[in-house]
Undergrad: 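Structure below; questions to follow.
If you're wondering where the values come from, they're calculated on a predicted model, not measured in any experiment. Atoms within each ligand, like the ligands themselves, are counted from 1 in listed order. Heavy-atom basis, side chains included; hydrogens, waters and symmetry copies ignored.
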Amino acid sequence: MCGIFGYIGRKEALPFLIEGLKKLEYRGYDSAGVATIKGGKIQLSKCVGKISFLEDKLAQKPLTGKIGIGHTRWATHGQPSDENSHPHQDCKSELAVVHNGIIENYQELKIQLSGRGHRFLSSTDTEVLAHLIEENYQGDLLSAVRKTIETVRGTYAMAVISKSDPKKIVVARSGSPLIIGLGENELFLSSDIPAMLKYTSRVIYLENGELAVMTPGGVKVFDLKGKEIAKEIDLISWDPESAEKGGYAHFMLKEIHEQPNAIRKTIAGRIQPDSHKIHFDELTMTKEEMRTINRVVFTACGTSWHAGLIGEYLFEQFARLPTEVEYAAEFRYRHPIIDKNTLVIAITQSGETADTLGAVWEARAQGAKTIAICNVVGSTIARESDGVIYTNAGPEIGVASTKAFTTQLTVIYLLALLFGKVREIISESEATKLIQDLIEIPDKLEKVLLGEEGIAKIAGKFYQATNSLYLGRGKGFPIALEGALKLKEVSYIHAEGYPAAEMKHGPIALIDKNMPVVILAFAGRRYEKVLGNIEEVKARGGQVIAIATEGDDAIARQADEVLYIPNTTEALSPLLAAVPLQIFAYYIALKRGCHVDQPRNLAKSVTVE
Ligand code: AGP
């Protein structure tokens, strides 16, 4: 997820661009850049690092001009670097493009363009847009952008300026947000409303498949055929603070709701539409190398470690590979017995967790192959591992990990299927069915999110608890741990995740009417046993909140509360079941007046041992 911003009007554009990009920095902050037009020439400045680095550069050499575009980057393709920063230009530096999204067919386009003599300066997907527009430009920027869109596949919110058409900004949108702000004789464009709310509250939302031409005199919107469209002007009532969170009260809630789209982005470009073949662009491991692997070790911390526990089930189920999960801090100091046939998979949202980094160094020292599953392109672990697979979830600002977790599970599921196919454990038809089940998950998650109000109501009954238990069997057990961690870290209620079968070996002594017990009871091989555990808790006066599969009416007669998730293949139920527990923890924390986005004592990335 990146942030784009633009200005056209009677004032100098640069101050607006910098101010706007700062407001969008939470969308991505590994590099930034701006471009303006002055005297029929494009002026451009960009660099790796936060926007403050760009400001320092501009202080030496400011840009001038009353029309400009800017970009703050969250890298997906191409490491964070000066040359990979946006804006990108054509061969003759006559135009500049900023883009938020993923051009899925950029590699084939890049090969074709290079074959026609275009010279590329970056390894990004975006740069193909600049060279395509260059090729398609025959005197009208809008039609050049329209022709370009016909050849690309993927998502985009883009803004283009050209010295040949110096009085306009052309924008286009499909799959990534783009809003146009209408000021007094000036126009703004932005990925999100907060960046321009201070200048205007009159906005036009560009819809997928729409383009617009912005001039100081106003804006015209067109469809992909070039037909002009009448658009309503919306009036924004948000205050700037809440607008930064897209209208949500907290980043955590915003990121919970971003999960369906985050998973769509995680999947994008990795499943070939027709053949359902799985492919990770950034993974260099060959199929032959995959076949040499005879053991897998997941290593991580916190929520990422819980994702590894699910990975253990999936790799053993789909790839029949002996798999273990190790806390990174334990793994790195235990002199683990691993070798060149061991695959160590490090899972980390930030890519900077000290212990997880240490585990990768230990694994490599012992000759194991290492892959990082990470959300931050160019992070330390991405550079220190043999291979990396990005979750592409976009920046996760809330300390409590939510969309990072479900996108990690998405990557792990695909990777387990890939190994299962390479090792000929699962057939093409089985893999196709399992991939189709995954493709349906984002829509099913949207359905889970519709239950937010009901979950908030249930949270209102339990927010004064001082202790709680989360129980699960099989793949439900890691979700029990994850749900307990969510509650602990945002509400400060002591919560313990436990294998449901272990209840009889001690924890059942804790059960009384003041102990809410969350039980993962979604459909699966162990469902009947879990019902027995619910009985055990109820028989001792405990209160049970069950996570169950839609259509299971019987459980409503046993549990005190039921949070339903849509039916899906058992291997994907954990992904769905995690979300009601995220919402449950969020609303309990809210009721308890806790600082949801920055809980006490916690940091988003633990870069110390
Ligand atoms: C999860 O909600 C916590 N914020 C924490 O456990 C986190 O998962 C852990 O610190 C690992 O972080 P990483 O994924 O960035 O390595």
Undergrad: Can you tell me how far CD1 of I583 sits from CD of E453, rounded to the nearest 0.5 angstrom?
TA: 12.0 Å
Undergrad: Can you report which non-hydrogen protein atom sits closest to atom 9 (C) of ligand 1, along with the distance?
TA: C301 O, 3.9 Å
Undergrad: Report yes or no: does K486 have a heavy atom closer than 4.0 Å to ligand 1?
TA: yes
Undergrad: If the cut-off is 4.0 Å to any non-hydrogen atom of S304, which atoms of ligand 1 fall inside it?
TA: 8 (O), 13 (P), 14 (O)
Undergrad: Show the atoms of ligand 1 that are less than 4.0 angstrom away from any heavy atom in A400.
TA: 2 (O)
Undergrad: Just say parallel, tilted or perpendicular for the rings of H99 and H86, cut-offs at 30° and 60°.
TA: parallel
Undergrad: Give yes if a backbone or side-chain nitrogen or oxygen of G351 is under 3.5 Å from a nitrogen or oxygen of ligand 1, and no if not.
TA: no
Undergrad: When you measure from atom 8 (O) of ligand 1 to every protein heavy atom, which one gives the shortest distance, and what is it?
TA: T303 N, 3.1 Å
Undergrad: Of all the non-hydrogen atoms in the protein, which one sits nearest to atom 10 (O) of ligand 1, and at what distance?
TA: V606 CG2, 4.0 Å
Undergrad: Applying a heavy-atom cut-off of 4.0 Å, say which part of E489 lies close to ligand 1: side chain, backbone, both or neither.
TA: side chain
Undergrad: Is there a nitrogen or oxygen of T353 sitting under 3.5 Å from a nitrogen or oxygen of ligand 1?
TA: yes
Undergrad: Considering only NZ, NE, NH1 and NH2 on the basic side and carboxylate oxygens on the acidic side, decide whether E550 and K447 come within less than 4.0 Å.
TA: yes
Undergrad: Around atom 4 (N) of ligand 1, find the nearest protein heavy atom and jot down its residue, atom name and distance.
TA: V399 O, 2.8 Å
Undergrad: Over 60° means perpendicular and under 30° means parallel, so tell me whether Y106 and H77 are parallel, tilted or perpendicular.
TA: perpendicular
Undergrad: For the residue pair R73 and N100, confirm or rule out a side-chain donor-acceptor distance under 3.5 Å.
TA: no
Undergrad: Does K254 qualify as a cation-pi partner of Y248, given the criterion of NZ or CZ under 6.0 Å from the six-membered ring centre and within 45 degrees of its axis?
TA: no
Undergrad: For ligand 1 and S401, I'd like to know whether there is a polar contact (N/O to N/O, distance under 3.5 Å).
TA: yes
Undergrad: Tell me whether the rings of H250 and Y586 are parallel (<30°), tilted (30 to 60°) or perpendicular (>60°).
TA: perpendicular
Undergrad: With a 6.0 Å cut-off (strictly less than), is the heavy-atom count around CD of E330, excluding the residue itself, greater than 12?
TA: no
